[in-house]
Amino acid sequence: MRISIAFAEKKFDEFNRLIFGGRLPRVAIELCAVKSFFGECVCRKRRVALGLVECYDYRLRFNIRADLPERDLEDVIIHEMIHYYIGVNNLRDTSAHGPLFRSLMNKINERFGRHVTVSRKIAEADKEQFLQAKREWRIVVLLSFENGKTGVKVLPRVLQSILNYYNMGHKNARIREMKFFMSDDVYFGKFPKSSAFNCCFADRGEVMEHLAGATPVVCDGRSVVLNGRRYVVR
């Protein structure tokens, strides 16, 4: 899905009421075509009394070239609204994504089940995927924890990495179930890919929606079966 001004304005009003208590003034929405970010909050600056700098004329800018799932676009909008909230309320942070920003972001994610992240830049390796909707096949692990949380892990398409992760997971008492899939859904591009034994927590309903067309991968710790073919480490 590519963002539009109508969509951005609608979601701004919705999240303003839901998340920010309706306290944010309406702001100009702009679209741009760039290769460096999904969204940004910009403003003009001028010097006022006592040498202080005042910010005004806020605008939220979004990348029209980014083709993302709707929920990801919503998270991009919320990310920029956090910047806007900090700016219009003259709050101070140590950096663009300092402790204040992270605190607000984490509270929003926890309370509203969002997946807003600190990074809003498009990594060089992801430009083709997100800006031109180029799909990449990934090994995705769906983890169910004893405390009810859902984890997502994206592994390299390397047999040994899959087997190692499976075997380590079955030694972890906190993990109730692991399911492996092969998916080309761009949604999973936002999760870091590595062989490390870790994962990212996510909303289960959202993850299952994106796994709807995925291919199951069967693993027994010694071999992997994909599309009826068994792969074994030689």
Which atom pairs, donor and acceptor, lie under 3.5 Å between side-chain atoms of residues 104-112 and protein residues at least two apart or in another chain?
residue : atom : partner : partner atom : Å
N106    : ND2  : R102    : O            : 3.1
N109    : OD1  : V116    : N            : 2.9
N109    : ND2  : V116    : O            : 2.9

List for me each residue that meets salt bridge (Lys or Arg N to Asp or Glu O under 4.0 Å) alongside E9, sequence neighbours excluded, and say none if there are none. none

Salt bridge (charged side-chain N to carboxylate O under 4.0 Å, His left out) contacts in which one or both residues fall within residues 160-176, not counting sequence neighbours: none

Would you call R61 and E80 a salt bridge, taking side-chain N to carboxylate O under 4.0 Å as the test? no

Could you tell me which residues satisfy side chain to side chain contact (heavy atoms under 4.5 Å, CB included) with A214, sequence neighbours excluded, listed by chain and number? F181, S183, L211

ring-ring contact (aromatic ring centres under 6.0 Å, His included) with F201: which residues, sequence neighbours excluded? F145

For R47, give me all partners under salt bridge (Lys or Arg N to Asp or Glu O under 4.0 Å), at least two apart in sequence or on another chain. none

Just jot down the salt bridge (Lys or Arg N to Asp or Glu O under 4.0 Å) partners of E146, sequence neighbours excluded, or say none. none

Through direct or indirect side-chain contacts below 4.5 angstrom among Ile, Leu, Val, Met, Phe, Trp and Tyr, which residues connect to V158? none

Holding to salt bridge (Lys or Arg N to Asp or Glu O under 4.0 Å), I want the full list of residues that pass it with R92, two or more places apart in sequence or in another chain. none

N227: which residues meet the side chain to side chain contact (heavy atoms under 4.5 Å, CB included) condition with it, sequence neighbours left out? T215

Mind listing the closest non-hydrogen atom pair of C219 and L163 along with its distance? SG-CD2, 3.7 Å

Per the salt bridge (charged side-chain N to carboxylate O under 4.0 Å, His left out) rule, what does the pair list look like for residues 147-159, sequence neighbours excluded? none

How far apart are the C-alpha atoms of D185 and H210, what are their side-chain angles, what is the distance that settles it, and do they pass the side chain to side chain donor-acceptor pair (under 3.5 Å) test? CA-CA 7 Å; D185 193 310; H210 290 281; 3.1 Å; yes

Quick test of your reading: applying salt bridge (charged side-chain N to carboxylate O under 4.0 Å, His left out), list the pairs with at least one residue in residues 192-210, sequence neighbours left out, ordered by first then second residue. R71-E206, E136-K193, K190-E206

